Amino acid sequence: MRYDFSLEQVAWRDEVRGFIRDHLTPQLLDELREAGNEGQGPLARQFVLQLRDRGWWGLPWPKEYGGLGRSAIDQWIFVDELEGAGAPMLPLTVTSVAPTIMRIGTEEQKKEWLPRIKAAEVDFALGYSEPEAGTDLAALRTRAVLDGDTWVINGQKMWNTMAHTATHNWLAVRTEPDAPKHKGISMMIVPMDAPGVTVQGIYVWPGLRTNAMFLDNVRVPRDFLIGERGMGFYYAAMALNFERLSIGSVAMTRRYFRELIALVRELEVDGTPLRQMPWVRERLARLAVDIEAARMLGLETAWALDQGRVPAAESSMAKVFVSELAQRVADAGSEILGLAGQLHPDEPAAPMHGRLQWLYRTAPLLAFGGGTNEVQRNIIAMLGYGLPRK
Ligand SMILES: Cc1cc2nc3c(=O)[nH]c(=O)nc-3n(C[C@H](O)[C@H](O)[C@H](O)COP(=O)(O)OP(=O)(O)OC[C@H]3O[C@@H](n4cnc5c(N)ncnc54)[C@H](O)[C@@H]3O)c2cc1C
């Protein structure tokens with residue numbers, strides 16, 4: 001593996017940085033802070049459309065599907081710069097659903113959905129989990145039955161984050177009730193405005209909204225089943241693999257860590273500068289090592305993709321390490337900043353606009369988003385080291 005960026009990669013990084021410098025305004029940052037996960041505000045939408053107009057929405061997609069055909073390392077640089085600056089993040093529609101459709105869809109389905117995703121016209125919520133199916137996704141019960149040329153769907157999805165703002169759902173449904181449970185599932189696209197779809201908000205611990213989604217005789221055209229019938233479990237696994245690649249980026253955590261360091265340089269406690277306290281320095285130094293290690297894990301994953309490999313174990317490693325590192329940075333920040341670090345983002349006196357407190361509340365979600373870390377450790381053991389399934 002090369003550890004240095006090539007001249008072209010450095011030029012690309014500078015181009016992205018220049019774009020961010022010119023377009024990521026303080027007003028947009030305020031809007032993002034206020035919006036949380038309640039959808040895109042007008043400034044965020046404008047920023048996304050400017051990215052789209054440059055073709056950066058489909059950066060690593062093959063040219064035949066309207067992409068720029070750039071490398072996974074270029075995509076890594078792009079995401080690293082966006083997230084590192086606090087810009088709107090690439091949605092899972094682009095980083096997880098689109099690459100899956102690209103691999104499993106029929107030519108007609110690719111022609112139908114990929115241009116609409118690239119035009120930022122459609123946005124998907126991810127409908128895998130159900131009340132009785134989380135890690136054990138193959139236990140899902142939502143049923144789709146073919147009626148002429150229409151699928152009729154009935155059931156309930158759980159933890160359907162963004163269902164209240166998305167235009168469509170990327171839904172795992174049971175289409176083959178008599179097949180073994182892993183082979184009876186298919187992936188389907190469901191428009192959120194289809195009659196029979198109901199979304200109910202669920203507010204979880206950090207104040208984020210997720211949803212329950214109910215499907216009551218929802219009808220979608222036959223070719224909204226993507227790829228092959230009965231292969232949905234494997235397609236969902238593929239999409240989750242792509243999702244983990246996104247969660248494995250350390251850029252957001254690194255940004256908070258740098259802001260914490262900036263505060264430590266300035267603040268004093270009882271007349272002693274924080275920067276001189278041995279325990280503070282030691283804690284920050286340990287985190288700095290971890291952040292560099294996380295960066296390398298992300299880069300290695302991107303590099304493996306560029307070699308044509310599916311980096312399943314590597315993406316799980318990056319996801320486990322980065323999600324737990326986010327919690328360590330939040331823990332350290334809370335201890336170092338003391339009571340001030342616990343102030344809510346709405347509180348004007350909150351250091352770092354309350355971002356560490358926000359990270360403290362939200363980081364645990366990363367440990368199970370895209371599949372729990374316990375399960376990721378099993379994947380690392382099995383796919384990375386050939387250990388038997390437990
Ligand atoms: C805020 C939030 C947002 C979410 N967003 C979405 C979303 O948008 N779309 C979606 O489809 N889902 C979403 N989820 C669901 C999430 O992916 C699941 O919660 C997760 O997969 C775990 O499933 P579960 O909650 O049923 O827990 P379980 O599967 O019951 O697991 C409980 C515990 O047992 C452990 N465990 C289970 N099986 C194994 C095993 N084989 N080996 C080792 N340990 C095991 C798990 O690691 C976990 O610690 C969201 C959940 C939350 C809370």
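The model shown is predicted, which means the values in this text are computed figures rather than measured ones. Both counts, for ligands and for their atoms, begin at 1 and track the order of listing. We count residues from 1, following the sequence as given.
Of the listed options Val375, Val204, Leu365, Val375 places a heavy atom closest to atom 45 (C) of ligand 1. Of the options Trp159, Trp170, Tyr203, the smallest heavy-atom separation from atom 7 (C) of ligand 1 is shown by Trp159. Considering Met162, Glu243, Glu374, Lys157 only, the shortest heavy-atom separation from atom 49 (O) of ligand 1 involves Glu374.
Scanning both residues, Trp57 and Lys118, for their nearest heavy atoms gives CD1-O, 3.5 Å. Nearest heavy atoms, Pro311 versus Ala304: CB-CB, 3.9 Å. Looking at every heavy atom in both residues, Val190 comes nearest to Leu171 through CG2-CD2, 3.8 Å. Among all heavy-atom pairs drawn from Gln40 and Arg45, the shortest one is OE1-CD, 3.3 Å.
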Show me, pair by pair, the donor-acceptor contacts under 3.5 angstrom made by side chains of residues 223-230, not counting sequence neighbours?
from   : atom 1 : to     : atom 2 : distance (Å)
Arg229 : NE     : Glu176 : OE2    : 2.8
Arg229 : NH2    : Glu176 : OE1    : 3.3
Arg229 : NH2    : Glu176 : OE2    : 3.4

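For ligand 1, the atoms lying closer than 4.0 Å to a non-hydrogen atom of Thr161 are 3 (C), 4 (C), 5 (N), 6 (C), 7 (C), 8 (O). Here is the list of ligand 1 atoms found below 4.0 Å of a heavy atom in Asn378: 42 (N), 43 (C). With ligand atoms numbered from 1 in the order given, ligand 1 contributes 11 (O) to contacts under 4.0 Å with heavy atoms of Tyr128. Atoms of ligand 1 lying under 4.0 Å from any heavy atom of Leu126, numbered from 1 in the order shown and given with element: 7 (C), 8 (O), 9 (N), 10 (C), 11 (O).
Counting heavy atoms under 4.0 Å from ligand 1, residue Thr135 touches it through both backbone and side chain.
Under the side-chain contact (heavy atoms from CB on, under 4.5 Å) criterion, Ala340 pairs with Pro351, not counting sequence neighbours.
For the pair Thr372 and ligand 1, the shortest N or O to N or O distance falls below 3.5 Å. Every N/O-N/O distance between Thr210 and ligand 1 stays at or above 3.5 Å. Residue Ala133 has no N or O atom closer than 3.5 Å to an N or O atom of ligand 1.
Remark: Arg116 fails to qualify as a cation-pi partner of Phe124 under the 6.0 Å distance and 45° angle criteria applied to the six-membered ring.
In the model, Arg219 has no side-chain atom that pairs as donor or acceptor with a side-chain atom of Asn217 under 3.5 Å.
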